[in-house]
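Structure record follows, encoded as structure tokens.
Just so we're clear, the structure is a prediction, and the values are computed from it rather than from any experiment. Every chain is numbered from 1, with letters handed out A, B, ... down the list of sequences.
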Amino acid sequence: MKIPIEFYRRPDPVQIARDLLGKYLFTRIDGVLTGGRIVETEAYAHINDQACHSHLGRYTSRTQVMYEPGGVAYAYLIYGRYTLFNIITNEASKADAVLIRGLEPTEGIPEMLLRRGVASVQRNLTGGPGLLTQALGITTALYGTSLTSDVVWLEDRGAPVPDTEIRASPRVGIDYAGTDAALPWRFRIIGSPWTSPAK
DNA sequence: AACTGGATCCCCT
DNA sequence: GGGGATCCAGTTA
């Protein structure tokens, strides 16, 4: 079933990032359903987190959607080539987020292979934050879209992931965040071949 | 109006 | 394990 809006409006993005493991992310773009099981996430908090785009209340054309009530998509372009997909959490104006970093493909695999331009189902189909967006057809056009919509949404299909199968570690690619770069806010399902390759 | 650098990925060595 | 691709938002002026 589709995840209710209350799930996203809880106050702790770290807890939500952990809870999102084992949930499913789907898109329906041009009528085609694609998606899979979330196996890697990262939390970003508006306070005491220099890595977060909304740190110290930074409010720009890129970050403004972060200040909406939890349960909307925050998609942005990185390095001129990749779109990253985030879920905005917490209540309005709190501006917390969870980045989706790895997906185990389950739905619409032929379409995802086409979009990625790869021949077979392997890690580089959806294992990485810039890859899964391409596979699911997520672009900045989805900026601000509600996660209760029929374009992009999450589902709980049962089978919760126990703590013993989760590894927490520092986030990736945020050296500029100083001491906050060491926070263990990256969560992975241990042993999943669909997590991102970065350390 | 110009400049800088990034929540990445892939290929080369 | 190191560097280049590639472009736009953010910052500075």
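- Taking the P atoms as reference points, C:dG1 lies 23 Å from B:dA7, given to the whole Å.
- Taking the side chain as every heavy atom from C-beta outward, A:Phe7 and A:Asp156 never approach each other to under 4.5 Å.
- Side-chain contact check for A:Ile100 versus A:Thr41: some heavy-atom pair is nearer than 4.5 Å.
- Distances shown here put every side-chain N or O of A:Arg81 at or beyond 4.0 Å from the OP1 or OP2 atom of C:dC8.
- Within the 4.0 Å cut-off from OP1 or OP2 of B:dC9, not a single side-chain nitrogen or oxygen of A:Ser196 is found.
- Contact annotation: the side chain of A:Glu42 never approaches that of A:Ile174 to less than 4.5 Å [non-hydrogen atoms, C-beta and beyond].
- For the pair A:Arg18 and A:Asp163, the salt-bridge criterion is met [side-chain N within less than 4.0 Å of a carboxylate O].
- Classification of the A:Trp153-A:Phe26 ring pair by plane angle, with boundaries at 30° and 60°, yields tilted.
- Taking the C1' atoms as reference points, B:dG5 lies 15 Å from C:dG3, given to the whole Å.
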Restricting to nitrogen or oxygen on both sides, can you table the protein-nucleotides 3-7 of chain B pairs closer than 3.5 Å?
{"unit_1": "B:dA7", "atom_1": "OP1", "unit_2": "A:His53", "atom_2": "NE2", "d": "3.0"}
{"unit_1": "B:dA7", "atom_1": "OP2", "unit_2": "A:Tyr176", "atom_2": "OH", "d": "2.5"}
{"unit_1": "B:dA7", "atom_1": "N9", "unit_2": "A:Tyr76", "atom_2": "OH", "d": "3.2"}
{"unit_1": "B:dA7", "atom_1": "N7", "unit_2": "A:His53", "atom_2": "NE2", "d": "2.8"}
{"unit_1": "B:dA7", "atom_1": "N1", "unit_2": "A:Asn86", "atom_2": "OD1", "d": "2.3"}

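- Hydrophobic clustering places A:Leu183 together with A:Leu21 (ILVMFWY residues linked when any side-chain heavy atoms are closer than 4.5 Å, directly or through intermediates).
- Atom CZ of A:Arg171 and atom P of B:dT8 are 11 Å apart (whole Å).
- In this structure, CD1 of A:Ile138 is placed 16 Å from P of B:dT8, rounded to the nearest angstrom.
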Set out, line by line, the N/O atom pairs under 3.5 Å between protein and nucleotides 10-13 of chain B.
{"unit_1": "B:dC10", "atom_1": "OP1", "unit_2": "A:Arg116", "atom_2": "NH2", "d": "3.0"}

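- Side chains of A:Leu154 and A:Leu20 form a contact here, defined as non-hydrogen atoms less than 4.5 Å apart.
- Under the 4.0 Å criterion applied to side-chain N and carboxylate O atoms, A:Lys2 and A:Asp150 are assigned as salt-bridge partners.
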Dot-bracket pairing map - DNA chain C, Watson-Crick plus G-U, both contacts under 3.5 Å, | cross-strand: |||||.||||||.

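- For A:Arg115 and A:Glu111, the salt-bridge test passes: some basic side-chain N is under 4.0 Å from an acidic carboxylate O.
- The side chain to side chain donor-acceptor pair (under 3.5 Å) with A:Arg37 is formed by just one residue from the set A:Glu104, A:Glu155, A:Glu107; it is A:Glu104.
- Counting only heavy atoms from C-beta outward, the side chains of A:Tyr76 and A:Asn86 approach each other to under 4.5 Å.
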